[in-house]
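For clarity, every value in this text was computed on a predicted model and none was experimentally measured. Only this structure's heavy atoms are used, side chains among them; waters, hydrogens and symmetry mates stay out. Numbering of residues begins at 1 and proceeds along the displayed sequence.
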Amino acid sequence: MEKHPFDWVLFSIIAVVLGIWVFTNYGIIHEKHLAEATLTEKSHKDNGYFITVDDQKLKVKDTSTWMVLKPGENYEVSYEWYGNSHPYIVEINQAHDDDGVGGGH
């Protein structure tokens, strides 16, 4: 049986699209910054410490930082995620304050 060139072209297009999708979802770290974000909820589970800021649930990697944060306060928050990972805080600071509460790489 002979293969048509159309089969190879279709296979190539599918492979390129799939490769681009994998790279953009798992190869790129996405980052977002929120200014004047209100912390509405803090929670602790077996898999870590979490806060809810502007309806976004974020993981806090540092326990000490999680303990200092207060619900109802406004913060400037930078967070990252990649692929299907849970968004985690990179930096958090009280709004309109130059002294950092914690975070960083």
>> For Val53 and Leu34: C-alpha separation, side-chain torsions, deciding distance, then whether side chain to side chain contact (heavy atoms under 4.5 Å, CB included) applies.
In response: CA-CA 9 Å; Val53 180; Leu34 301 173; 4.2 Å; yes
> If you round to the nearest 0.5 Å, how far is CG of Leu58 from CH2 of Trp81?
Replying inline: 9.5 Å
> Of the non-hydrogen atoms in Gly48 and Lys59, which two are nearest, and what is the gap between them?
Replying inline: CA-CE, 4.3 Å
> Got more than 12 heavy atoms from elsewhere within 6.0 Å of CG, Asn47?
Replying inline: yes
> Which heavy-atom pair separates Ile51 from Trp66 by the least distance, and what is that distance?
Replying inline: CG2-CD1, 3.8 Å
> Are side-chain heavy atoms of Lys32 and Pro87 found at a separation under 4.5 Å?
Replying inline: no
> If you take all heavy atoms of Thr40 and Pro71, which pair is closest and at what distance?
Replying inline: O-CB, 4.4 Å
> Would a 4.5 Å heavy-atom cut-off, applied to side chains only, mark His30 and Glu80 as touching?
Replying inline: no
> CD/Gln94 to CD1/Ile92 distance, rounded to the nearest 0.5 angstrom?
Replying inline: 9.0 Å
> Are Glu73 and Leu39 close enough that some pair of their side-chain heavy atoms sits under 4.5 Å apart?
Replying inline: no
> Which heavy atom of His44 sits nearest a heavy atom of Tyr49, and at what distance?
Replying inline: CD2-CE2, 3.0 Å
> Looking only at heavy atoms, which two atoms of Ile89 and Tyr79 are closest? And how far apart?
Replying inline: CA-CB, 4.1 Å
> According to the interplanar angle, ranging from 0 to 90°, do the rings of Phe50 and His86 count as parallel (below 30°), tilted (30 to 60°) or perpendicular (above 60°)?
Replying inline: perpendicular
>> So which atom in Lys42 and which in Leu69 form the shortest heavy-atom distance, rounded to 0.1 Å?
In response: NZ-O, 2.8 Å
> Does one hydrophobic cluster hold both Met67 and Tyr75, with members joined at side-chain heavy-atom distances below 4.5 Å?
Replying inline: yes
> Same hydrophobic cluster for Val17 and Val9, using side-chain heavy-atom links shorter than 4.5 Å among ILVMFWY?
Replying inline: yes
